[in-house]
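Just so you know, these numbers use all the heavy atoms, side chains as well, and skip hydrogens, waters and symmetry mates. Lettering follows sequence order; numbering is per chain, from 1.
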2 protein chains.
Amino acid sequence: MTIHDVAARAGVSVSTVSKVLNDRYGVATSTVDRVRAVIAELGYESSLVARSLRNHRTNVIGVLVWDIEPYSAELLKGAARAIKGTGYELVVYAAGGKGAERMGWEHRYLSRLSGTLIDGAVMVTPTVDTAPFSTPVVAVDPHTGSEVPTVDSDNFRGAQLAVEHLLGLGHRRIGLLRRPPRDLESGPQREEGYRSALQAAGITPDPDLVRAGGYDDSASEDAARQLLTLPDRPTAIFAANDVSAITTIDVAMALGLRVPGDLSVIGFDNVPESAMTEPGLTTIEQPLQLMGQRAIEMLVELLAGRDLPQTHVRLPTRLVVRGSCAAPPAEPRRVAVEHSAAR
Amino acid sequence: MTIHDVAARAGVSVSTVSKVLNDRYGVATSTVDRVRAVIAELGYESSLVARSLRNHRTNVIGVLVWDIEPYSAELLKGAARAIKGTGYELVVYAAGGKGAERMGWEHRYLSRLSGTLIDGAVMVTPTVDTAPFSTPVVAVDPHTGSEVPTVDSDNFRGAQLAVEHLLGLGHRRIGLLRRPPRDLESGPQREEGYRSALQAAGITPDPDLVRAGGYDDSASEDAARQLLTLPDRPTAIFAANDVSAITTIDVAMALGLRVPGDLSVIGFDNVPESAMTEPGLTTIEQPLQLMGQRAIEMLVELLAGRDLPQTHVRLPTRLVVRGSCAAPPAEPRRVAVEHSAAR
DNA sequence: GTGAAAGCGCTAACAT
DNA sequence: ATGTTAGCGCTTTCAC
């Protein structure tokens, strides 16, 4: 079913049909009606692909994500909300399906799609700088300081809030379970917030109390275990990642510690689901939907040829208390030695 | 940056480059190396659009949704999980952005994309039958009994479970807040389950206890109010939709009824978020992620030219008790008359 | 082993 | 007012 079929059926040339499709001048009213009738009769719709190969404008905005999981799904909800009424359509490309070549997927996808198919893109957590592209791009939560317009959340302040909350409860030895090294830009930001809050309270951060998790659960598990089996173990742990917060709680309980009785845990929340899983967990929340929404809004501005009021948008994080944090125990219980020896 | 640029730089013709790109035979090893080097140097990626206009195979599966909201987002997570390792890539088209012409979006999108760009599609809650397409299609939770392969959940059994649970607690007058008429196919299924459970318990369904909600909150609100201000009001309400369950609780509380003390409410859950909003709500849950996953699996089978073991997959729903339901009060409190008069 | 040319479905100059 | 034609970026015969 192509434009040729329509043309043949209506007894006109393809260019006439094209003109009717695009509301161009120079077609007799009677012809327009006839062609329209045939289009309706056949249920014809012009191919987005052929059209975008020709016109280099598609009215489509692409959101490029590595995978659709709880984190990106939240962003997508916000993006979908923001796209309404803009005249653009939204398509989401999930790279995760094809191949395992994670490095550089952003560049690959952007080259394959930009110019044709999408007028602009929102890239979620790009690992490489996608600056040398003519297509307008907005990055969400980029890994490295990037040249492109960016939306992220206030990781620094969020970490401060977490630690301030724990300090307010009386904790003095607060551990940090940070992200793996050389990961997202937000990792160092959260660590900075942690240090800053401690120092503001006159506490010198103890390097022993900072451990890095990894990409899989077991790395976080090891790190949590190391922290908790320290001779002078922390009475509270700030986990700079929602998954590692839950892991920490599990490890603590396995070690015979009560949460929050013996140990307070506070996590940097990425997704609402994690709050559900662990109902009592106090978290620092990022406004993920809002971030997706703002990214689209910025991109639409860019596509309209307007300048952005600010090229780097940082949204506030907030502390959400659900009851898990307690004051530090008067006499911190030591973890039995055999546990620390095990593995 | 096109194939021409690569050809020029490598001093060969475009067809040679194309052969290298597609691993075709008949190119000298030295030429292959040279072209590969240029491709790497330039960071060239072939245009998905041009390629798909030529080849009618793209290795891309499209998921077509009206909007990305909590319901479809859950399905997408499952779809993204299922796509891994299949060799296909996933793209999601959200129709909601463009125009308000909701009716028939599925047909419009399918025509514009199929044949080119996507090899097959998963349609989420289609309102019309998209049978006459050559492209393989799987429908999730379709509005009408459709000819295409389908994934849905056991709405009938889910409703039965809800009502059986209430009956087990001793309730006898159980109201039904159903979906609007002529909506999703799941509406009547849930109503049937409700009637069936009542009849199995020897109770004749009272037509007065069945009211329909609407697409906006206010319709559900009115319906809930009507039910609760009945002279012989129900002691429990089964809301065939998660939003209307929450609305029902709000209305009940506004009328001075305690939930669950004076009234038990049980809702058909579409999305995990609704459970969070109302932590005490007992719900019937659909396995949304699993539904998305199965839809992709079925489509992949279809694309491989294999037959489906079953063309209609129905996934189980389950009762999740979070504590909101109670036994009926010995002496049901009537709602004050002025409340029923109000509005 | 390599390149010229046709054509995928469509649009936009440019004829007529 | 309508049709003819070139070409978007690519793949694929088919000559050479």
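Put simply, NE2 on A:His4 is 12 Å from C1' on D:dT5, counting in whole angstrom units. Between the CE atom of A:Met1 and the P atom of C:dC10 there is a distance of 10 Å, given to the nearest Å. Atom pair B:His56:NE2 and D:dT11:C1' shows a separation of 11 Å (rounding to whole Å applied). Atom-to-atom, CG of A:Leu117 to P of D:dC8 comes out at 18 Å; the value is rounded to the nearest Å. Going from atom CZ of B:Arg57 over to atom P of D:dT11 covers 15 Å, rounded to whole Å. Separating the CD1 atom of B:Ile3 from the C1' atom of C:dA5 is a distance of 15 Å, rounded to the nearest angstrom.
Classified by interplanar angle (parallel below 30°, tilted 30° to 60°, perpendicular above 60°), the ring pair B:Trp105/B:Trp66 is tilted.
In summary, the side chains of B:Thr16 and B:Ser13 do present a donor paired with an acceptor at a separation below 3.5 Å, with no hydrogens or angles considered. Side-chain atoms of A:Ser111 and B:Glu45 form no donor-acceptor pair, as typed in the model, at a separation below 3.5 Å.
Checking side-chain atoms of B:Arg57 against main-chain N and O of B:Asn55 turns up no donor-acceptor pair under 3.5 Å. Not one N or O on the side chain of A:Arg306 forms a donor-acceptor pair closer than 3.5 Å with the backbone of A:Ala304. Remark: the backbone N or O of B:Ile61 is not paired with any side-chain donor or acceptor of B:Asp119 at under 3.5 angstrom.
In this structure, A:Arg24 reaches the C:dA12 phosphate: one of its side-chain N or O atoms is under 4.0 Å from OP1 or OP2. Here A:Asn55 does not reach the OP1 or OP2 of C:dT11: none of its side-chain N or O atoms lies under 4.0 Å away. Proximity of B:Tyr44 to the phosphate of D:dC10: a side-chain N or O atom is located under 4.0 Å from OP1 or OP2. Between A:Ser13 and D:dG3, a side-chain N or O to OP1/OP2 separation shorter than 4.0 Å is present. Taking only side-chain nitrogens and oxygens, B:Ser18 comes nearer than 4.0 Å to OP1 or OP2 of D:dT11.
Below the 3.5 angstrom threshold, one finds a donor paired with an acceptor across the side chain of A:Lys19 and the base of D:dG3. Donor-acceptor pairing under 3.5 Å, judged by distance alone, is absent between the side chain of A:Thr16 and the base of D:dG3. On a pure distance criterion of 3.5 Å, a polar donor-acceptor pair joins the side chain of A:Arg54 and the base of D:dG7.
Rounded to 10 degrees, the angle separating the terminal helix axes of the helix from C:dG1-D:dC16 to C:dT16-D:dA1, each built from five base pairs, is 50°.
Relative to the side chain of B:Ala28, the nucleotides D:dG9, D:dT11, C:dG1 differ in distance, and C:dG1 lies closest. Comparing D:dC8, C:dT2, C:dG7 by their closest approach to the side chain of A:Leu53 singles out D:dC8. Nearest to the side chain of A:Arg51, among D:dT12, C:dT11, D:dG9, sits C:dT11. Comparing D:dC10, C:dA5, C:dT11 by their nearest atom to the side chain of A:Leu21 picks out C:dT11. Candidate nucleotides C:dC10, D:dC8, D:dT11 were compared by shortest atom distance to the side chain of A:Thr2, and C:dC10 ranks first.
Residue A:Thr31 is classed as a sugar-phosphate contact, given heavy-atom separations below 4.0 Å to backbone atoms only. B:Val12 comes within 4.0 angstrom of sugar-phosphate atoms only, judged by non-hydrogen atoms across all strands, and of no base. Using a 4.0 Å heavy-atom distance criterion, A:Ser46 is classed as a sugar-phosphate-only contact.
Each of A:Tyr25 and A:Val14 lies near DNA chain D, and the nucleotide nearest A:Tyr25 is the one positioned closer to the 5' end. Taking for each of A:Asn22 and B:Gly11 the nucleotide of DNA chain C with the nearest heavy atom, the 5'-most of the two is the partner of B:Gly11.
Partner of B:Leu90 under the side-chain contact (heavy atoms from CB on, under 4.5 Å) criterion, out of B:Ile118, B:Val60, B:Ile296, B:Val122: B:Ile296 alone.
More than 12 heavy atoms of other residues, nucleotides or ligands lie within 6.0 Å of CZ in A:Arg314, so this atom counts as buried by the packing criterion.
With respect to the salt-bridge test (charged N to carboxylate O, under 4.0 angstrom), the residues A:Asp141 and A:Arg294 do not qualify.
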